[in-house]
Q: 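Take a look at this one; I'll ask things after.
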Amino acid sequence: MRDGQGASGRSRARFVRACGVLPAFVGLGALVGWAFDLPVLTTFGTGLLPVAPSTAALLLLSGVALAGDPDGRGPGVSRRASASTWGIVAVLACIFLAAATVGYRIEAEHLGFPANCTPPGPPLGHMVPVTAVTFLVLAAAFLLSSGVPAASQASWRRRGAWIGAWSVVAFYLVLLVVFSYGFLVAVSGPVLPPALGTVFGFVLLGTGLALRAAPGAGAGKPVPSVARPGVPGVGAVATVFALLALGIVVAGFVFFRGAEERYRGSVERQLEFEASLRAEALERWRGERLADADLLRTNPAFVALCRRVLRDPPDEEARFLLGAWLDGLQRGRGYLWAALLDSQGRARLSSPPSAGPGEGAPGLPFLAAIAAGNAAMLDFHRDVPGGPVHLSVMAAVPGVEPSGKPALVLLAIDPSARVLPFLAEHPGSAGSHGASLVRREGDVADVFESLGTPDGGRVLVRRAPPVSSDAVEARAARGEQGVVMGADANGTAVLAVLHPVRGSPWVLVVRSPLAEVFSASRTRLWGTVFVVLLLVAGAGAGVSALWKREESHLLHERFASDERFRKVFETSPDAVTLTRVEDGVLVAANEGFRRILEYSGEEVLGRVAAELGFWRNPGEREALVDELRRTGLVENLESTFVTRSGNEIVCLLSASFVELDGRPHVLILSRDITGRKRAEEELRVEQERLDLAVTATGLGLYDWNVRSGAVLFGDRWAAMFGYRVDELAPHFSTWLERVHPDDLPASRKAAEDAFRDGTPYSCEYRMRHRDGSWRWILDQGRIVTRDEQGEVIRFVGANLDITERRQAAERIRGMNAELERRVAERTVQLASSVRELEAFSYSLAHDLKTPLRAIAGYATLLEKDQGARLDDEGRSWLAKVRSGAVTMGQLIEELLEYSRLDRREMRAERVDVDAVVRAVVASRDEEIRSKGGVVRIVPGGTQATADPVGLELALCHLLDNALKFHVPGKSAEVTVTTSNPAGRAVVVVRDEGIGFDLKYHDRIFEIFQRLGRLEEYPGTGVGLALVRRVVQRMGGSVRAESAPGAGATFTIELPS
Amino acid sequence: MSNESAFAPILLVEDNPADLELTLLAFRRRRFANPVLVARDGEEALAFLPRWETGEPLPLVVLLDLKLPKVDGHEVLRTFRAHPAARRVPVVVLTSSSEEGDVALAYDLGATSYLVKPVDFEQFTRLTALIEAYWCGANVPAPRPAVP
């Protein structure tokens, strides 16, 4: 912490303490005001709301508590006391808030002071809900910002307290503006605002608490206060803003007041007009009533009748006629009672005849009126105490009594019926304008007004407020006239017009509730305040933006004017920026910056560098700042930036502090090393790859300077021939000495071709190893450099030892030749075998059958021609010889057929299996019929890919087989079924014959295998072997299912 | 050999004496009237050609075994078919072989028919009867060429 911060902290504490003391004084003053009945101390002005005693007390408490602990760092006792006090304030505020919310008014809030202040509005001396809530917020702000360590500046508690306190300040400042625009308008609304004193107190308390909780409080941040000529300071800007804001507020005030005046004027004019209308009507009505009385008084006929009645009471005619007069008047004009009174005041004749209200008690004014000789109106009066109120009109009728004294005509009026309509609400008037009649009656103002009854009717009521009171009626009774504002006798705040009724003691009061009058104004008031706030906020934003811009531009100009520096700055190919330390604003950026980061100058100047977001990793920026703070210099820090178009670039940063305009700035040079990094990376990868390749393949590298003959041999090249590289002369001769003389011409030619055409060089040749052996080498290389004449200067190549590979290849070549030779040999052998086999078959066909034929032939001849000479045994032996020979012939024939199968080529074509089956069965037709057998065909439309002849052969043998092995004594029954399941062609030959045991399944398909005895079932044992052979050769299979005595099923499956 | 027979001869080329005898027996059992000329090998068969040139009557049919000593049956057949006098004479191959190659070759060389000799003598007798009925009865003999 710097030295200056302690000082600033102390001055801040002093300010906060003042912000606590002042509200405490406000509260104290208000309490004194309540105690000694000095309203001005509670209201801060006439006609304003008073600070409730409870509010005053809480202001006092909270102010003292804030002053007691202005920075949260005082002595422990005062800190604890302050916190406790704020706690009490919060609890009390809670109680008051609850009470105000439910509408209960706590008498204790008055603290025993007489709450006799009765300005307009609802009951006073109670804390309003807004005030209670504000106390809660302030208490919370205090308690939140207490006990937080100074180091944790950004703690949420401090921040919350700070926000809460400033919100209170802002709210009450707005309220102040509202009050200044139209206090009455504001107060007349449904929600009662806090008193002016409370508002002041809250603004101060809020400010104090906000400063106390400000993030910088305690730790503080350095605010260099260096004078900067040419650049407007904060103070100047604040002044500009304050003036602007004041102007806006005043403009709003003028606007609102003007509108308000116009509106008030119109309302007043309306009220005045209405009052004058009503007063005129009343005057007219009064005149008419007096005229009624005068009419009677001056009518000779009426006077004569009066005389007759009074002088001669029994004159019934006169009584009747006078009664008719009075009756007509009472009924026709709506009087309550019309009567003729004698000088004693007794009613001599009346309509209605019953006793009237005015009878017997003509008061003094009445008599005085009579003395004057004119008709007079007896004002509102009661004839008997507590009785109904009347109005009466009287006129003296002179000289009608026998004594010569005047008699009296009395016309009593019911005010409820006759006056009420003048006071009732005017149907045509806007709003609820009420009217009342007021007259002074000694110390009280006699007020008559119309009052609505619950059943919807209206009654005339009388009130009597003291003349000295502030009620508008009392003021009217005191003789005031014109437009007045204040509470009426009912305590409602009203705007009223006081209009005297001529010729009467009455003053007509027409009034309108202020709440109604101001309802339109209230809307306008809040609207105006809202607009004013918006304008002030806009002005603030504008001023601040302009200030920042102006400041950075001025700085930039200043900076730009420094020629030397500017040139260095601008011409640097690197990105150079100048950033102000205190707020991070980018003051200058050079062409390099614009080129590398792709921002234009206008976009970045005057903006905070951290907001621009070209640091890919903001942590790197913080690292830079930290390093700079610690050492004052940063060099070659590698950082990644994001350009405006989103590319990532790697930069090398150097930064240092520079003084500009007496303020610290950071100068940052950024060099774009993205390309270099990439190239380095690529080179590294390439090198790795090459190393890997060389190691893995065992390549021996060499670099040959063709002109000088110098050759750089690689380690592996030397190792390939059993040397270390330093044992070999780095010259072409090293190679030339070791290459096999026989291979030299080929190598030379390949090199010449490569040199001439520029094509890669590749050659295989032998080199002498150190141990004397010859190693086969694959030499591949290319020209790297040529001179201007096209002569090769540099040639680089790689050698690979391929000795083993060549040896292996040799071996393979030898093996191949051997293999081919053997194959040829075998082929010859095989061909001769085939030929031998054919010859064998041929001799079987010819030579084997010929003697058989001789045996069979001569046996037959012997049997036929010499049979008679033999006995039975001899003949049977002869028959056996013959039949053996025949069987032998058949066997040979079938064997031949079997062997032919192998030599015969199988065709693969589409075969209609059903057709083949039918053909085979047809070919055996004669045999079947001769044996009485039955062959059923169940065709399946089956197609197969097979050799038609082979298939026919197989089916023939299967069918023969099925027909042959029938149960002795039973005819053969065979079913041949074809089908095409799942891509196969299936033929099933099923018989009902003797069957066989499945354990012989494999044997029956082998050649010469027989299951039955020859004498029962003659056969050679070749048939089924033939079937299996031919089916296999067609790519199919055959299987059998059977059981002894249960028939047999043979199934051929072929490709479909 | 009697040349004055009223019936045209048939030529039997057969080397095996048993077969020869059995064939002749079979003919005899069928009361075969035509004289049967016999050649015991290929050379003997070819020796008939000059005799036919000099006016001896042509046989109705030649029964030719394929496997013959000296000159085999195929050669005999080829020579016959190339001979101006003998080329129209029907040659029925009568042999033991049922090899497809033999059959095909015989027909290629101009055999009129190909018959396999059955082992059973009864069957063989029936076969000779058929030969006699067809070649010596129903069939019109080949005329002698106009210009020898």
Side-chain angles (χ1 to χ4, degrees), chain A residues 834-835 837-867 878-907 947 949-950 953 1018 1020 1022, chain B residues 12-32 40-42 63-77 93-106 114-129 131:
Chain A
V834 168
R835 272 194 305 278
L837 193 63
E838 277 170 0
F840 171 70
S841 301
Y842 195 72
S843 54
L844 264 185
H846 262 210
D847 304 344
L848 225 51
K849 272 159 83 182
T850 305
L852 273 178
R853 220 169 23 247
I855 297 166
Y858 287 113
T860 306
L861 288 172
L862 197 61
E863 221 179 348
K864 301 271 174 186
D865 298 352
Q866 312 292 331
L878 205 53
K880 279 172 189 164
V881 170
R882 188 176 55 84
S883 107
V886 169
T887 305
M888 183 77 186
Q890 196 182 344
L891 191 58
I892 290 168
E893 197 57 49
E894 286 185 356
L895 259 178
L896 279 173
E897 192 174 13
Y898 186 78
S899 82
R900 266 203 301 275
L901 268 179
D902 274 347
R903 285 175 286 138
R904 194 173 171 279
E905 197 177 332
M906 285 285 167
R907 292 200 302 271
D947 181 79
V949 179
L953 190 70
T1020 57
V1022 176
Chain B
L12 176 61
V13 188
E14 176 62 71
D15 64 318
N16 188 295
D19 264 356
L20 178 60
E21 191 184 355
L22 285 170
T23 308
L24 292 175
L25 276 171
F27 279 132
R28 199 184 306 151
R29 285 167 69 94
R30 299 298 305 176
R31 311 266 189 264
F32 192 66
R40 291 191 166 272
D41 57 38
L63 298 181
L64 175 69
D65 191 6
L66 285 180
K67 200 171 178 233
L68 297 172
K70 297 177 183 170
V71 178
D72 83 348
H74 288 121
E75 194 52 45
V76 173
L77 182 55
V93 176
L94 186 65
T95 179
S96 301
S97 170
S98 54
E99 288 294 298
E100 224 171 279
D102 287 342
V103 180
L105 184 57
Y114 192 100
L115 301 174
V116 180
K117 288 183 238 174
V119 174
D120 189 17
F121 185 70
E122 299 294 341
Q123 287 182 24
F124 188 71
T125 312
R126 280 200 290 279
L127 185 68
T128 51
I131 291 169

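Predicted model only: the values in this text are computed from it and were never measured. Numbered from 1 within each chain, the chains take letters A, B, ... in sequence-line order.
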Q: Heavy-atom pairs under 4.5 Å with chain B are the metric here; pick the option from A:A856, A:G889, A:G857 that has the most.
A: A:G857

Q: Minimum heavy-atom separation for B:S96 and A:K849, please, with both atom names.
A: O-NZ, 2.7 Å

Q: Under a 4.5 Å heavy-atom cut-off, does chain B meet the side chain of A:Q890, its backbone, both or neither?
A: neither

Q: How long is the span from the NZ atom in A:K864 to the OG1 atom in B:T125, to the nearest 0.5 Å?
A: 8.5 Å

Q: By side-chain contact (heavy atoms from CB on, under 4.5 Å), which residues pair with B:T23, not counting sequence neighbours?
A: B:L12, B:F27, B:F124

Q: Mind checking what makes side-chain contact (heavy atoms from CB on, under 4.5 Å) contact with B:V93, not counting sequence neighbours?
A: B:L66, B:T95, B:A106, B:A111, B:Y114

Q: Walk me through it: do A:T860 and B:L22 pass the test side chain to side chain contact (heavy atoms under 4.5 Å, CB included)?
A: CA-CA 10 Å; A:T860 306; B:L22 285 170; over 6 Å; no

Q: Given a strict heavy-atom distance threshold of 4.5 Å, which part of B:D120 is in contact with chain A: side chain, backbone, both, or neither?
A: both

Q: At their closest point, which heavy atom of B:V119 faces which heavy atom of A:V886, and how far apart are they?
A: CG1-CA, 4.1 Å

Q: Does the side chain of B:F121 reach to within under 4.5 Å of the side chain of A:R882, using non-hydrogen atoms?
A: no

